[in-house]
Amino acid sequence: MATTEHPPPSRLRTWMLEGLSDMGKPGGHQGPHAEPEPAHQGQRWYRVMCLTGVDYFSTLGYQPGIAALAAGLLSPVATVVLVVVTLAGALPVYRRVAEESPHGEGSIAMLERLLSFWKGKLFVLTLLGFAATDFLITITLSAADASTHLVENPHLTSVLHDKQMVITLALVALLGAVFLKGFLEAIGVAVALVVVYLGLNVVVVVVGLWHVLTESHVVTDWSSALTAEHGNVFAMIGVSLLVFPKLALGLSGFETGVAVMPHVRGDEADTAQNPAGRIRDTKKLLTTAALIMSVFLIATSFITTVLIPEKEFESGGQANGRALAYLSHEYLGNAFGTVYDVSTIAILWFAGASAMAGLLNLMPRYLPRYGMAPHWARAVRPMVIVFTLVAFLVTWIFDADVDAQGGAYATGVLVLMSSAAIAVTIAARRARQRGWTIGFAVVSAVLLYVTVVNVIERPDGVKIGACFIAGIILVSLLSRLARAFELRVTSVTLDPMAERFIRDMASRKIRFIANEPDQRDKAEYRDKIEQIRQDNDIPGEDFVFLEVTVVDPSEFESGLTVRGEVLHNRYRVLTLESSSISNALAALLLHTRDVTGCIPHIYFEWTEGNPFANFLRFFLFGQGEVAPVTREVLREAEPDRARRPRVHTG
């Protein structure tokens, strides 16, 4: 097929558009058009767990403080409720997601398969908006909390106390710079960060529990105050359920766990169609990460609640956004506390890298395929610049405040988890698994309740999510509009009869008639030929009819299969299926020219109706004013008029 010749691109343009993504394999690329990694290659599951763990485990940096602000003295009880939902709800859901989408597509792909045409595309764009909220707020919130740990360090607080915004922006910029240079899968770095960070947290937890045991009055004081405030256990559980939505940050990490699934090494017998070993080991990854995090969440929420004065959790307090760091300085000294701060800053910053990797893998998987992103959206570096600039804006809007971003982050996390729960419920129902269907439906109801309550209590989350959704849909539709006349047929395949028709015409002038099939009887084809002959004043009947059936007009790129048949022992007809009549016809004309060396001619009749209405029909439904659109697609695809197929309209 013909391609437009362009002058050599500049060095900057070449560098910016180099590759699709270099994440996933050293020296290789990974993206929507990359060669898939063999199912039995990759890394051991526990190493990949550390890759997703930099996002999941890093929430220990701020989760205990957020829980204390949200639940007060009830923080440990509310955290136990969170752990129950994690282990009994989120974990089974994402284990099923791993079964249903073993190549890292996640729940969005599962739901995409349920809906077709434009409603499916708009639904996916909405979920992508919430995914963008989740991942981008992960970047900004993690950077803000990292800067909090740096600013509140006793050795630096006098120098950096008013520099948190600048430091946060610098960390976000540094993250973007890493990806601009080229981000290779750094599982070794992730393993080192997770091992060191969790090891330091073990020390802090053990020392904290020792102080709780040796200062028994702190437990007595806490339990007495808790009983006085809430009365009995049932009241405590009830209040914990009410504040649970504010603790939803502790559920983050599952979506990332599924996204990194392609990096998990499976068995030698694994295939792309049946990666059983990879699915099994991903379930181990998800389960182990959830269990480790659950233990840490319960232990840290308990020691921070009973050992840290309540006022220190509030805005401006020394434990605000850094409860465990406060304990490390308080009980282990500033030297150990500084080491803890450094490890926390490192893992929080790398959590942003995990989120950026998720964005760069997620967006190119959908938007370019829908025609809803420019060509450069397939390359890493331009997208890194876009995401970094958006992260700057979000940081500025929220003033680099961890607490202020919690609502938006929780909204993104909860919407994605709710969609995953609904997706696996539908999958279980289709598989006629009644018990799993009921169980997943209950989990879906719980997560939907939590999501709704979170939205009501903290509407800023859904507001910023709505901004992302509106931005993605607007940019997507404008991109689709700008690319409306682009040749978007990826390949042309002819069956033997179609090849025979084209070979036969190559010895004469190649003439096609575009025909909208109706009854397909003898009179239809006879009348069509007579009309074309009269409108264009040409003799003979040496024509081949082209008939296009529109399948899914919301699809942008697709292959084209052409089938030939002889109707009524006389009329040669080529049938095509495509998302757009004009694109299919243009692609076949260019293919015919390339294989025969002859310039084909195609004949249309004018379409009745308003031109603007016909263009909208073409844009939305792949039909409309076919003749001028076909000519425009050919003009964009072939700039040389002498080599361009001829379009005749009468």
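Computation of the quantities below employed the complete heavy-atom set of this structure, encompassing side-chain atoms and omitting hydrogens, waters and symmetry-equivalent molecules. Position 1 is the first residue of the sequence; numbering continues from there.
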Student: When you look at V424 and W436, which way does the side-chain contact (heavy atoms from CB on, under 4.5 Å) test go after all the steps?
Tutor: CA-CA 9 Å; V424 299; W436 282 113; over 6 Å; no

Student: Is there side-chain contact between L448 and I422, with heavy atoms separated by less than 4.5 Å?
Tutor: yes

Student: Test side-chain contact (heavy atoms from CB on, under 4.5 Å) on V204 and F336; report intermediate values, then the result.
Tutor: CA-CA 10 Å; V204 174; F336 181 90; 3.8 Å; yes

Student: Looking at every heavy atom in both W396 and M165, which two are closest together, and how far apart are they?
Tutor: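 The answer is CA-CE, 3.9 Å.
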
Student: Less than 4.5 Å apart, any side-chain heavy atom of I137 and any of T140?
Tutor: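 Counting from C-beta outward, I137 and T140 do come under 4.5 Å.
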
Student: Of the non-hydrogen atoms in A190 and F350, which two are nearest, and what is the gap between them?
Tutor: CB-CE2, 4.2 Å

Student: Under a 4.5 Å cut-off applied to non-hydrogen side-chain atoms, are Y94 and M417 in contact?
Tutor: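 The answer is yes; the side chains approach within 4.5 Å.
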
Student: Quick one: OG on S147 to CG on L171, what's the gap to the nearest 0.5 Å?
Tutor: 6.5 Å

Student: Hey, could you give me the NZ/OG1 distance between K283 and T288, rounded to the nearest 0.5 Å?
Tutor: 13.5 Å

Student: To the nearest 0.5 Å, tell me how far T305 OG1 sits from L74 CG.
Tutor: 9.5 Å

Student: Taking side chain as C-beta onward, heavy atoms only, is V80 less than 4.5 Å from V83?
Tutor: no

Student: Would you say the side-chain atoms of S301 pair up with the backbone N or O of I298, donor to acceptor, closer than 3.5 Å?
Tutor: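 Confirmed, S301 side chain pairs with I298 backbone.
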
Student: Once rounded to the nearest 0.5 Å, what's the spacing between atom OG of S418 and atom CG of L447?
Tutor: 5.0 Å

Student: Could you tell me whether the side chain of F296 reaches within less than 4.5 Å of the side chain of F57, counting heavy atoms only?
Tutor: no

Student: Specify the closest pair of heavy atoms between L297 and T79, including all atoms of both residues, with the distance to one decimal.
Tutor: O-CG2, 3.5 Å

Student: Do R322 and D341 sit within salt-bridge range, that is, some charged N less than 4.0 Å from a carboxylate O?
Tutor: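 So R322 pairs with D341 through a salt bridge.
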
Student: Can you check side-chain contact (heavy atoms from CB on, under 4.5 Å) on L87 and S294, steps first, answer last?
Tutor: CA-CA 8 Å; L87 298 180; S294 296; 3.7 Å; yes

Student: How are the rings of F302 and W222 set relative to one another: parallel (under 30°), tilted (30 to 60°) or perpendicular (over 60°)?
Tutor: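 Rings of F302 and W222: perpendicular, as their planes differ by over 60°.
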
Student: Are D281 and Y46 close enough that some pair of their side-chain heavy atoms sits under 4.5 Å apart?
Tutor: no

Student: Determine the minimum heavy-atom distance between L348 and A146, stating which atoms define it.
Tutor: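 Smallest interatomic distance, heavy atoms only, reads CD1-N, 3.6 Å.
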
Student: Would you call R96 and E100 a salt bridge, taking side-chain N to carboxylate O under 4.0 Å as the test?
Tutor: yes

Student: Would you say L136 and V394 make side-chain contact, with heavy atoms under 4.5 Å?
Tutor: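 The answer is no; the side chains never approach within 4.5 Å.
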
Student: For T133 and G129, indicate whether the former's side chain and the latter's backbone hold a donor-acceptor pair under 3.5 Å.
Tutor: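 Side chain of T133 to backbone of G129, a donor-acceptor pair under 3.5 Å: yes, one is there.
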
Student: Okay, side chain of S142, backbone of I139: is any donor-acceptor separation there less than 3.5 Å?
Tutor: no

Student: Taking C-beta and beyond as the side chain, do V295 and L291 meet within less than 4.5 Å on heavy atoms?
Tutor: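 Result no, sub-4.5 Å side-chain heavy-atom pair not found.
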
Student: For F440, is there any backbone N or O sitting under 3.5 Å from a side-chain donor or acceptor partner on T425?
Tutor: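 Pair found, side chain donor or acceptor close to backbone of F440.
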
Student: Would you name the heavy atoms of H329 and T338 that are closest together and state the gap between them?
Tutor: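 In this case the closest contact between H329 and T338 is CE1-N, 3.6 Å.
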
Student: Looking at CG of D399 and CD of Q164, how far apart are the two atoms once the value is rounded to the nearest 0.5 Å?
Tutor: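 Interatomic distance, D399 CG to Q164 CD, rounded to 0.5 Å: 8.0 Å.
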
Student: Working note: T304 + Y326, criterion side-chain contact (heavy atoms from CB on, under 4.5 Å); need CA distance, chi angles, decisive distance, verdict.
Tutor: CA-CA 9 Å; T304 54; Y326 175 91; over 6 Å; no

Student: With a cut-off of 6.0 Å (strictly less than), are more than 12 heavy atoms of other residues, nucleotides or ligands near CD of E310?
Tutor: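 Counting other residues, nucleotides and ligands, CD of E310 stays at 12 neighbours or fewer.
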
Student: Judged by atom type as modelled, is there a donor-acceptor pair below 3.5 Å linking the side chain of S419 to the main-chain atoms of L416?
Tutor: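 The answer is yes, because a donor-acceptor pair under 3.5 Å joins these two groups.
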
Student: When rounded to the nearest 0.5 angstrom, what is the spacing between OG1 in T59 and CE in M293?
Tutor: 2.5 Å

Student: A143 and V172: which non-hydrogen atoms are nearest, and at how many Å?
Tutor: CB-CG2, 3.8 Å

Student: Applying side chain to side chain donor-acceptor pair (under 3.5 Å) to T395 and T168, what does each step give before you reach the verdict?
Tutor: CA-CA 8 Å; T395 299; T168 303; over 6 Å; no

Student: Determine whether a donor-acceptor pair (N or O, by modelled atom type, separation under 3.5 Å) exists between the side chain of T388 and the backbone of A173.
Tutor: no

Student: Is it the case that the side chain of R265 and the backbone of R44 share a donor-acceptor pair, with hydrogens and angles ignored and the cut-off at 3.5 Å?
Tutor: no

Student: Under 3.5 Å, side chain of S343 to main-chain N/O of Y340, donor-acceptor pair present?
Tutor: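 Yes.
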
